[in-house]
Amino acid sequence: MKKEEYTLHIQSLIYTLSSNALLFYVSVVMMFSYFYNLPLLSYGFESSYELRVYDVCGIFFLYFHIVNKPIISYIIHNIMPNRWFWYFFKWVSITLLLTLFFSIYFSKILSFIQTLLYLYHLYIFFISSVFIYLICLQKNKLETYIKIICVFSILTSLIVIIQNFGMIPFLWNDSYKQSYQEFLSGTLGPNKIVLGMTSLFMFIFSLSVFIEKKMKVNSILVLLTLLLSFYALIISGSRTSYVGLLIFLSYFAFNNFGKFIYLSVVFFSISFCVILINGDLYNKVEKVINGRVINKVKNKDALSKAKVGELYEDLGAGRKELSEQNALFLIENPIVIPFGMGFNNKLISVYGSSAHNMYIQVIKELGIVGFILYFGWLIQYLFVTFEEKKGFSTGLKGLVIAMLVTAYFGEQLYIYRALFGLLGLFFLITSLFFSILHKEHFRK
């Protein structure tokens, strides 16, 4: 079959697959799983493992991938960020040999089994987004997905807000309750970064949809998503998410100053009215900001004068020391730098299992090769050409820039805890952007 004929054949298959009803509904459940992270059941060997909704959905996507491999390979190959991430995934799989070696050497084979679960998550988060991209090539389904995601986000934010006012109890088990000091994050996850980053992603996504006039999505639904995700982000107390928000807003103001001013007026007018109705909403924000930011800064001039170094020391919760120690580990052990110690290898943890700095952590686990592939994947998003849909363009590039900055403070856009689905939500949002922004040659 000639190349042109093969391309036409693949395009026909893509259109047919995008109409698959089972694939559509499994994708909706997968989206739901990013907002409902509570375990379906617990199982374990020496320690407890938990089965989540996306673990089950992943089996379906694995099946769809196997039976539609030529189509998926075609899409991955023709979208540069996807191609880079697929290379990254292959490299991660290769480094499993190192992880297996250390697991056997330290007689920690269960650690390797957990690593296989992390690899499975890495795979299903990515491959599900490819299928969602494919489905969204039909614009009506893209708009349907946007509405569904907004509803999920609204419900999640409302649960968090109501929970913070004492009307819903802590939803996780006693182990999480003790480990995370009963932090209230609804169904998302007991860590502040999960609530903070999920809310940041949805704030950016809903703002992009709101300013994108060509999308037929109810403006009130989108605006409500925008407002609630912003409030949930603020009361999350996640300082890394605050940094991401500031970076995105700076990018948005630079690229669309007029819309930035207009939305700021609308946004704060609505917020002011809400606060007048219920002052407790403002009191909660003030309490969180004072507790998580203001009272943590030793030198108050550092805030007004934006002394980044001092602020990082005061607000970083030990991240600066961890980053420096792990950087020192790489300097003292240069043999690790080219290829790393293996994906999710936490058995050699002289300075802790996490550097809380993705730039260092990825070299530690996957070496320079992994570093180039991982950050090459993120940077590829910035080179996507957009002929129209400027709202989605702003959202995608602003989101990626925010992630590149916040990667300095943590590994939230990675697989380093089984209960984190943030990478999956990131893939979901970028796929929705891509489905309308990318070249038309994927459509029939």
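Worth knowing before you read on, the calculation uses all heavy atoms, side chains too, and leaves out hydrogens, waters and symmetry mates.
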| Can you tell me if S19 and Q138 form a side-chain donor-acceptor pair at under 3.5 Å? | yes

Side-chain polar contacts of residues 195-210 - donor-acceptor pairs under 3.5 angstrom, sequence neighbours left out - could you list them?
unit_1	atom_1	unit_2	atom_2	d
T198	OG1	V194	O	2.7
S199	OG	L195	O	2.8
S206	OG	M202	O	2.7
S206	OG	F203	O	3.2
S208	OG	I204	O	2.7

| task | Classify the angle between the aromatic ring planes of W86 and H65 as parallel (below 30°), tilted (30 to 60°) or perpendicular (above 60°). | result | perpendicular

| message | Is the shortest side-chain heavy-atom distance between F61 and F131 below 4.5 Å? | response | yes

| Can you find a heavy atom in the side chain of Y120 that is under 4.5 Å from one in the side chain of L116? | no

| Under the 3.5 angstrom rule, does the side chain of W91 hit a backbone N or O of V369 as a donor-acceptor pair? | no

| said: What's the separation between atom CG in L142 and atom CD1 in I135, rounded to the nearest 0.5 Å? | reply: 11.5 Å

| query | Would a distance-only check, ignoring hydrogens and angles, find a side-chain to backbone donor-acceptor pair under 3.5 Å from S236 to L233? | reply | yes

| Without hydrogens or angle criteria, can the side chains of Y414 and E365 be said to hold a donor-acceptor pair below 3.5 Å? | yes

| field | Rounded distance [0.5 Å steps], CD in Q380 versus CE in M80 | value | 6.0 Å

| request: Look only at the side chain of N357 and the backbone of S323, and say whether a donor-acceptor pair between them is shorter than 3.5 Å. | output: no

| query | Looking only at side chains, do H121 and D55 share a donor and an acceptor under 3.5 Å apart? | reply | yes

| task | Show your working on side-chain contact (heavy atoms from CB on, under 4.5 Å) between N82 and Y133 and close with a plain yes or no. | result | CA-CA 11 Å; N82 284 355; Y133 165 88; 5.7 Å; no

Only pairs under 3.5 Å count here: list side-chain donor-acceptor contacts from residues 160-169, not counting sequence neighbours, and write none if there are none.
unit_1	atom_1	unit_2	atom_2	d
Q163	OE1	S185	N	3.3
Q163	OE1	G186	N	2.8
Q163	NE2	P169	O	2.7
N164	OD1	K284	NZ	3.2
N164	ND2	V160	O	2.7

| said: One pair to check against ring-ring contact (aromatic ring centres under 6.0 Å, His included): F88 and W377. What are the steps and the verdict? | reply: CA-CA 8 Å; F88 174 73; W377 156 61; 7.2 Å; no

| task | Kindly indicate whether the side chain of H356, heavy atoms from C-beta on, has any atom under 4.5 Å from the side chain of F409. | result | no

| query | Going by heavy atoms in the side chains, are S157 and I154 under 4.5 Å from each other? | reply | no

| Would F434 and Y381 count as a close aromatic pair, with their ring centres under 6.0 Å? | yes

| message | Contact between L399 and F426 at the side-chain level, heavy atoms closer than 4.5 Å - yes or no? | response | yes

| Straight-line distance of L382 CG to L396 CG, nearest 0.5 Å | 8.0 Å

| said: Given 3.5 Å as the limit, does a donor-acceptor pair link the side chain of R83 with the main chain of I76, or not? | reply: no

| query | How close do L404 and Y359 get, heavy atom to heavy atom, and via which atoms? | reply | O-OH, 2.6 Å

| request: Answer yes or no: is there a side-chain heavy-atom contact under 4.5 Å between F427 and F85? | output: yes

| field | Check: K147 and L221 side chains under 4.5 Å, non-hydrogen atoms | value | yes

| Hey, mind stepping through L263 and F252 against side-chain contact (heavy atoms from CB on, under 4.5 Å) and telling me if it holds? | CA-CA 11 Å; L263 284 174; F252 179 43; 3.8 Å; yes

| request: Verify side-chain contact (heavy atoms from CB on, under 4.5 Å) between T115 and L119, making sure each step is shown before the conclusion. | output: CA-CA 6 Å; T115 297; L119 184 71; 5.7 Å; no

| field | Pairwise distance CD1(I193) to OG(S238) - rounded to 0.5 angstrom | value | 3.5 Å

| Under 4.5 Å between any side-chain heavy atoms of I270 and L223, yes or no? | yes

| Does atom CD1 of I220 have more than 12 heavy-atom neighbours, drawn from other residues, nucleotides or ligands, at distances under 6.0 Å? | no

| query | Using the ring of each side chain (for Trp, its six-membered ring), is F392 parallel, tilted or perpendicular to F433, with breaks at 30° and 60°? | reply | tilted

| task | Check for a donor-acceptor pair, side chain of S435 on one end and backbone N or O of L137 on the other, with a separation under 3.5 Å. | result | no

| note | In short, side-chain hydrogen bond (donor to acceptor under 3.5 Å, both in side chains) pairs touching residues 216-225 with sequence neighbours left out are none

| query | Stepwise, does the ring-ring contact (aromatic ring centres under 6.0 Å, His included) test hold for F375 with F371? | reply | CA-CA 6 Å; F375 287 102; F371 180 93; 4.9 Å; yes

| said: For residues 254-263, which residue pairs pass the side-chain hydrogen bond (donor to acceptor under 3.5 Å, both in side chains) check, not counting sequence neighbours? | reply: N256-T394

| request: Start with the C-alpha gap between E50 and R52, add the side-chain angles, then the distance that decides, and say whether salt bridge (Lys or Arg N to Asp or Glu O under 4.0 Å) holds. | output: CA-CA 6 Å; E50 295 172 332; R52 290 184 160 75; 2.8 Å; yes

| query | Just by modelled atom types, is the S241 backbone N or O under 3.5 Å from a matching donor or acceptor in the Q412 side chain? | reply | no

When the side chains of residues 242-250 are checked against the rest of the protein, which donor-acceptor pairs come out under 3.5 Å, sequence neighbours left out?
unit_1	atom_1	unit_2	atom_2	d
Y242	OH	I234	O	2.4
Y242	OH	G237	N	3.3
S250	OG	L246	O	2.8

| field | Minimum heavy-atom distance between C136 and L432, given as atom pair plus value | value | SG-CD2, 3.3 Å

| request: Would you please test L51 and L41 for side-chain contact (heavy atoms from CB on, under 4.5 Å) and show each step? | output: CA-CA 5 Å; L51 185 73; L41 60 89; 4.0 Å; yes

| message | Any side-chain to backbone donor/acceptor pair from K141 onto S18? Under 3.5 Å, distance only. | response | yes

Output a table of donor-acceptor pairs, distance under 3.5 Å, between side-chain atoms of residues 27-35 and any protein atom two or more places apart or on a different chain; print 'none' if there are none.
unit_1	atom_1	unit_2	atom_2	d
S27	OG	L23	O	2.8
S33	OG	M30	O	2.5

| Between F254 and Y251, ring centroids under 6.0 Å | no

| query | How far does CG of N191 sit from CG of N37, to the nearest 0.5 angstrom? | reply | 11.5 Å

| query | Rounded to the nearest 0.5 Å, how far does OH of Y118 lie from CG of N344? | reply | 5.5 Å

| task | From the options V92, L413, L366, select the one residue that forms a side chain to side chain contact (heavy atoms under 4.5 Å, CB included) with Y374. | result | L413

